[in-house]
Every structure is written in C-alpha cells, then in structure tokens.
> 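Quick one: structure below, then a few questions.
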Amino acid sequence: MIHAIYRHHWKFLLTLLSIAGSINIVTESASALNITRLSSLGNSTNAANNFGAEIPAYDPSSRKLFVIGPNNRLDIADISNPASPIPLPSIDLSSYGAGVNSVAIQNGIVALAMEANPITNNGSVVFLALPNLSCKTINNLCL
C-alpha cells in the first residue's frame with residue numbers, strides 16, 4: 001500500500017514538473033510596482049464598526065462594493081468616487097446562518113453562502129436583489 005501511494009505521488013510530481021516547464025513565470029520586485037493609495041474604509045477605533053474585508057464583490061452597475069468579514073454581516077460601500085468611498089448601512093446576516101463564507105454578484109443579484117450551525121449541517125444561499133436588497137433564501141444546500 002505504501003509503495004502504491006509513493007508511485008502515485010511520483011507520477012503526480014512529474015506531471016506538475018512538466019506543466020511548470022511549459023509555463024512562463026513572471027516575477028517583479030515590489031519596488032517595480034507603482035501603487036497609489038486612494039483611500040480606505042474602516043478607520044474606526046471600534047472594531048465592530050470597521051469593514052472586516054475578507055471577500056469583496058464589486059457591482060459595476062451600482063458602483064457598490066459588497067464585503068464580507070468575520071462579523072457575520074455584509075458591509076456595503078458606494079465607491080462611485082474611489083478616492084472618497086461612502087460606507088452604507090451593513091446587513092446583519094446572523095438570522096440566516098452561523099457565518100457567511102462567500103459573496104458574489106451578477107446582474108444585480110448578490111449571493112451569499114451561509115454556514116449552518118453546526119457546521120456539518122447543510123448551509124443556505126441568501127440572494128439579495130438590488131437596488132433595495134430584498135431577500136430570498138434557498139435552504140438545505142450542501143455548501
């Protein structure tokens with residue numbers, strides 16, 4: 001059994017090496033990048049008021065940024081003017097699940113993957129429709 005696993009890993013490594021040999025990897029030093037900071041969100045001294053940015057999703061039609069973080073809420077900012085973003089009211093997601101795992105947006109629909117409590121149970125997907133963020137939930141999906 002150990003010999004078979006070893007042989008499998010060896011084939012996998014050879015495959016990776018052959019793929020890596022056909023990919024041109026470009027590296028640049030940090031000094032070669034020219035990054036200009038426009039602004040930031042979440043400068044509050046109260047951590048509960050800060051944007052806890054883990055996963056962002058941007059909607060180009062509304063020019064809004066939707067961000068999830070560790071606070072089980074959806075933070076929203078109007079970034080029509082990126083140099084001066086405007087925080088909008090957050091949406092508390094605790095009634096939909098134990099935590100939010102991901103956010104995506106397309107065609108005016110914000111989709112949020114919600115974790116169940118306990119984590120081994122099926123989660124749910126919460127859909128929020130722009131512009132008023134009305135809610136629809138689909139339960140019992142394995143996420």
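We're numbering straight along the sequence, starting at 1.
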> As an exercise, state the distance from CD1 of I79 to CG of L65, rounded to the nearest 0.5 Å.
4.5 Å
> Looking only at heavy atoms, what is the nearest atom pair of A98 and A116, with distance?
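That would be CB-O, 3.7 Å.
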> My understanding is that only one of L128, N101, I55, I105 makes a side-chain contact (heavy atoms from CB on, under 4.5 Å) with L112; could you say which?
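Passing option: L128.
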> Does a donor on one side chain sit under 3.5 Å from an acceptor on the other, for N72 and S94?
no
> Taking all heavy atoms of I76 and all of P89, pick out the closest pair and write down the distance.
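Between these two residues, the closest heavy atoms are CD1-O, 3.9 Å.
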> Do I68 and D75 touch side chain to side chain, with heavy atoms closer than 4.5 Å?
no
> Does the side chain of F66 come within less than 4.5 Å of D59's, by heavy atoms?
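D59 reaches F66 side chain to side chain.
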> Shortest non-hydrogen contact from A57 to A104?
CB-CA, 4.1 Å
> Taking atom CE of M114 and atom OG of S95, what is their separation to the nearest 0.5 Å?
8.0 Å
> Give, for atom CD1 of I86 and atom OG of S80, the distance between the pair rounded to the nearest 0.5 Å.
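Here the interatomic distance stands at 7.0 Å.
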> Distance-only, no hydrogens or angles: does the N71 side chain make a donor-acceptor pair with backbone N or O of R73 under 3.5 Å?
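Between the backbone of R73 and the side chain of N71 there is no qualifying donor-acceptor contact (under 3.5 Å).
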> List for me each residue that meets side chain to side chain contact (heavy atoms under 4.5 Å, CB included) alongside P118, sequence neighbours excluded, and say none if there are none.
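Partners of P118 under the side chain to side chain contact (heavy atoms under 4.5 Å, CB included) test: T120, N121.
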> Would you indicate whether the side-chain heavy atoms of Y58 and K64 approach each other to under 4.5 Å?
no
